[in-house]
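Okay, so here's the structure we're looking at.
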Amino acid sequence: MSEPVAVYLSIGSNIDREHYVCAALDALADRFGELNISSVYESEAVGFDGEPFLNLVVGIQTAMPVAQLSRNLKQIESDNGRRRNVARFSPRTLDLDILTYGDSAGCIDGVELPRGEILKNAFVLQPLAEVAPADRHPLTGQSYGALWRAYRSDQKLWVVPFRWRGRVVSPRANATPSIPPGQ
């Protein structure tokens with residue numbers, strides 16, 4: 001068995017959001033143990049008209065190969081009512097994506113690493129910068145903290161209070177949206 005690798009995953013839901021985010025965290029903790037969890041953010045749907053999403057990033061350690069990890073995440077999504085026969089940009093109970101797998105880059109077992117959304121979407125980059133500010137993007141070489149500070153977009157996020165297994169994940173809500181630092 002190979003050595004464990006630091007992996008960052010994104011979690012998103014815009015259907016019965018609190019329930020499915022908790023279900024995802026439960027499933028991930030049951031499979032991978034200790035989770036490094038960002039605050040939970042609310043964001044507008046991107047790419048379609050729909051209810052706002054809850055988004056967060058979770059860090060895990062795993063020796064599981066990328067293909068097996070991807071299958072596990074798809075199974076968690078399916079176990080939680082994720083339908084695959086709908087439009088790509090549509091409401092969903094649960095969306096789990098591999099953002100990074102160590103410092104891997106390229107298409108590995110059908111998974112593009114690092115995930116392109118890191119550099120495009122505030123709802124991915126801000127929580128990633130929160131849990132891994134000094135870690136470096138495998139392609140740009142910049143830290144996630146630096147990438148967030150340089151991020152330019154009109155996407156807005158709100159931290160929402162969130163508890164999981166009696167633990168405070170997001171201690172308090174923002175009264176105003178989080179806007180990228182350069183705005």
Q) With a 4.5 Å limit on heavy-atom distance, are the side chains of V159 and V40 in contact? A) no
Q. Which distance, rounded to the nearest 0.5 Å, do you find between the CG of L157 and the CD of E44?
A. 9.5 Å
Q) Cluster question for you: counting only ILVMFWY and a side-chain heavy-atom cut-off of under 4.5 Å, with indirect links fine, are I15 and Y41 together? A) no
Q: Over all heavy atoms of both residues, which pair between P138 and A105 is shortest? Give the atoms and the distance, please.
A: CB-CB, 4.4 Å
Q. Okay, side chain of T93, backbone of N80: is any donor-acceptor separation there less than 3.5 Å?
A. yes
Q: In sequence, state the C-alpha distance, the side-chain angles, and the governing distance for N72 and R31, and then conclude on side-chain contact (heavy atoms from CB on, under 4.5 Å).
A: CA-CA 9 Å; N72 268 262; R31 283 175 172 79; 3.0 Å; yes
Which side-chain N or O atoms in residues 19-30 pair as donor and acceptor under 3.5 Å with protein atoms at least two apart or in another chain?
| from | atom 1 | to | atom 2 | distance (Å) |
| --- | --- | --- | --- | --- |
| D26 | OD1 | W164 | NE1 | 2.7 |
| D26 | OD1 | R165 | NE | 3.0 |
| D26 | OD1 | R165 | NH2 | 3.4 |
| D30 | OD1 | R165 | NH2 | 3.2 |

Q) Nearest 0.5 Å, what's the OH-OG1 distance between Y144 and T100? A) 5.0 Å
Q.
Measuring from atom CD of Q61 to atom CD of E3, what distance do you get when rounded to the nearest 0.5 angstrom?
A. 10.5 Å
Q: Please confirm whether the backbone N or O of I98 pairs with a side-chain atom of R115, one donor and one acceptor, at under 3.5 Å?
A: no
Q.
As an exercise, state the distance from OG1 of T62 to OH of Y101, rounded to the nearest 0.5 Å.
A. 6.0 Å
Q.
Testing the basics here: between C107 and E112, what is the closest heavy-atom pair and its distance to 0.1 Å?
A. CB-OE1, 3.6 Å
Q) Can you tell me if N14 uses its side chain to pair, donor with acceptor, with the backbone of E51 under 3.5 Å? A) yes
(Q) Apply side-chain contact (heavy atoms from CB on, under 4.5 Å) to residues D97 and L9 and explain how you reach the verdict. (A) CA-CA 5 Å; D97 293 312; L9 310 171; over 6 Å; no
Q) Where do P133 and S143 come nearest, in terms of heavy atoms and distance? A) O-CB, 3.2 Å
Q) Does a side-chain heavy-atom distance below 4.5 Å link P114 with L139? A) yes
Q: Inspect the contact between R17 and E42 and indicate whether a charged nitrogen and a carboxylate oxygen are less than 4.0 angstrom apart.
A: yes
**Q.** side-chain contact (heavy atoms from CB on, under 4.5 Å) assessment of M64 paired with F32
**A.** CA-CA 10 Å; M64 196 179 285; F32 301 106; 3.8 Å; yes
Q. When rounded to the nearest 0.5 angstrom, what is the spacing between NE2 in H137 and CG in L99?
A. 9.5 Å
Q | Atom pair OG/CG of S39 and L56 - distance to nearest 0.5 Å | A | 9.0 Å
(Q) If you compare all heavy atoms of I37 against all heavy atoms of V131, which two are closest, and at what distance to 0.1 Å? (A) C-CG1, 3.6 Å
Q. Is the backbone of G59 close enough, under 3.5 Å, to the side chain of N36 for a donor and an acceptor to pair up by distance?
A. no
Q) What closest approach, in Å, do L119 and Y151 show between heavy atoms, and which atom pair accounts for it? A) O-CE1, 3.9 Å
Q) Does a donor on one side chain and an acceptor on the other come within less than 3.5 Å for S43 and N55? A) yes
Q: List the steps and the verdict of side-chain contact (heavy atoms from CB on, under 4.5 Å) for L94 and I76.
A: CA-CA 9 Å; L94 197 54; I76 293 169; 4.0 Å; yes
Q) Do S78 side-chain atoms and K74 backbone N/O form a donor-acceptor pair below 3.5 Å? A) yes
Q.
Quiz question: by atom type and distance under 3.5 Å, do the side chains of D135 and Y8 form a donor-acceptor pair?
A. yes
Q. For I118, does its backbone N or O pair with a side-chain atom of K120 as donor and acceptor, under 3.5 Å?
A. no
